[in-house]
Participant: 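Have a look at this one.
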Amino acid sequence: MYSAEINRNQRACLLLLIDQSYSMSEPWAGTGKSKADQLALSVNNILGNAVLLCSKGDDRIFDYFEVGVIGYGSDVRPVLHGSDHGNPLLPIGEVARNPKRTDQLMQKIPDGVGGFLETTTVNPV
């Protein structure tokens, strides 16, 4: 099995290929959401986890990854916010600092005594 050290001088490439064909508008397994919505959620989770892997518990994000998201359907093109045909890969720090938008989500967190509290969290998209 191939292995290599990943660091700021020897970055890894995280490249996601995303189906953007008409079939992605179909419902996903009775969830009430489309395949495209579920895929977008998964991509956001992958990118969020990649950011966490590159952070040291504070606001610093080390560029251990170059990230690209390529959409295909009627055409093939970079679809990650901030990327383009000339620059399809972005450092993970740039992805983290420049989300397309942020959504506010309600989340239930344990209150420490067996119950839950609802709190609003900001989720980069």
Side-chain angles (χ1 to χ4, degrees):
M1 177 188 279
Y2 174 80
S3 67
E5 182 179 343
I6 298 171
N7 57 46
R8 286 178 281 178
N9 295 324
Q10 193 168 318
R11 299 176 181 178
C13 177
L14 175 60
L15 184 62
L16 304 174
L17 304 175
I18 305 299
D19 184 354
Q20 294 185 309
S21 66
Y22 179 77
S23 67
M24 294 302 286
S25 63
E26 296 171 356
W28 175 255
T31 62
K33 294 186 177 190
S34 70
K35 292 177 182 178
D37 290 337
Q38 289 299 113
L39 179 59
L41 231 134
S42 296
V43 168
N44 284 332
N45 286 336
I46 290 168
L47 294 177
N49 285 333
V51 169
L52 288 175
L53 287 171
C54 296
S55 67
K56 298 291 183 187
D58 54 20
D59 290 336
R60 294 179 301 159
I61 299 169
F62 296 97
D63 290 328
Y64 298 138
F65 295 108
E66 295 279 333
V67 180
V69 181
I70 306 296
Y72 64 90
S74 60
D75 64 348
V76 177
R77 62 188 168 84
V79 294
L80 182 61
H81 179 67
S83 67
D84 57 34
H85 283 288
N87 195 22
L89 297 174
L90 300 174
I92 191 69
E94 186 175 332
V95 173
R97 288 185 295 274
N98 299 306
K100 185 171 185 175
R101 68 175 193 275
T102 56
D103 291 344
Q104 292 191 358
L105 303 173
M106 292 301 293
Q107 183 177 13
K108 290 185 179 183
I109 58 170
D111 65 4
V113 292
F116 291 93
L117 298 171
E118 280 196 6
T119 184
T120 303
T121 60
V122 176
N123 189 37
V125 177

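What you are looking at is a predicted structure, and each value in this text was computed from that prediction instead of being measured.
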Participant: Give a yes or no answer on whether the side chain of Ser42 reaches the backbone of Gln38 with a donor-acceptor pair at less than 3.5 Å.
Facilitator: yes

Participant: Under a 4.5 Å side-chain heavy-atom rule over Ile, Leu, Val, Met, Phe, Trp and Tyr, are Ile61 and Ile46 clustered together?
Facilitator: yes

Participant: Considering residues at least two apart in sequence or located in another chain, which fulfil the side chain to side chain contact (heavy atoms under 4.5 Å, CB included) criterion with Asp111?
Facilitator: Val113, Leu117

Participant: Partners of Ser23 by side-chain hydrogen bond (donor to acceptor under 3.5 Å, both in side chains), sequence neighbours excluded?
Facilitator: Ser21

Participant: Nearest heavy-atom pair of Pro110 and Phe116: which atoms, and what distance?
Facilitator: N-CD2, 3.7 Å

Participant: Can you list the residues that meet the side-chain hydrogen bond (donor to acceptor under 3.5 Å, both in side chains) rule with Gln10, with sequence neighbours excluded?
Facilitator: none

Participant: List the atom of Val51, the atom of Ala96, and the distance in Å for their closest heavy-atom pair.
Facilitator: CG2-CB, 3.7 Å

Participant: Who pairs with Ser34 by side-chain hydrogen bond (donor to acceptor under 3.5 Å, both in side chains), at least two apart in sequence or on another chain?
Facilitator: Asp37

Participant: Applying a strict under-4.5 Å side-chain criterion to I, L, V, M, F, W and Y, I'd like to know whether Tyr72 and Leu89 cluster together.
Facilitator: yes

Participant: Tell me whether Val79 shares a hydrophobic cluster with Leu47, the cluster being built from Ile, Leu, Val, Met, Phe, Trp, Tyr side chains joined at under 4.5 Å.
Facilitator: yes

Participant: Report yes or no: do Leu52 and Val67 belong to one cluster of Ile/Leu/Val/Met/Phe/Trp/Tyr joined by side chain heavy-atom distances under 4.5 Å?
Facilitator: no

Participant: Say you draw a straight line from CG of Asp63 to CG of Asn9; how long is it, rounded to the nearest 0.5 Å?
Facilitator: 11.5 Å

Participant: Could you work out, with side chain to side chain contact (heavy atoms under 4.5 Å, CB included) as the rule, every residue matching Ser3, not counting sequence neighbours?
Facilitator: none

Participant: Provide the closest heavy-atom pair for Ile70 versus Pro88 in the form atom of the first, atom of the second, distance.
Facilitator: CD1-CB, 4.4 Å

Participant: According to side chain to side chain contact (heavy atoms under 4.5 Å, CB included), who are the partners of Ala12, at least two apart in sequence or on a separate chain?
Facilitator: Ile6, Phe65

Participant: Do any pairs count as a salt bridge (charged side-chain N to carboxylate O under 4.0 Å, His left out) and have a residue in residues 21-34, sequence neighbours left out, and if so which ones?
Facilitator: Glu26-Lys35

Participant: For residues 66-95, which residue pairs pass the salt bridge (charged side-chain N to carboxylate O under 4.0 Å, His left out) check, not counting sequence neighbours?
Facilitator: Arg11-Glu66, Asp75-Arg77

Participant: List the residues meeting side chain to side chain contact (heavy atoms under 4.5 Å, CB included) with Ile18, not counting sequence neighbours, and say none if there are none.
Facilitator: Leu16, Gln20, Leu39, Val43, Val69

Participant: Does Trp28 sit in a hydrophobic cluster with other residues, and if so which ones, taking ILVMFWY side chains as linked at heavy-atom separations under 4.5 Å, directly or through other members?
Facilitator: none

Participant: Quick one: side-chain hydrogen bond (donor to acceptor under 3.5 Å, both in side chains) partners of Glu118, sequence neighbours excluded?
Facilitator: none

Participant: Minimum heavy-atom separation for Arg8 and Tyr64, please, with both atom names.
Facilitator: N-CD2, 3.5 Å

Participant: Are Ile92 and Leu14 close enough, and set up right, to give a side chain to side chain contact (heavy atoms under 4.5 Å, CB included), and what steps lead you there?
Facilitator: CA-CA 9 Å; Ile92 191 69; Leu14 175 60; 5.7 Å; no

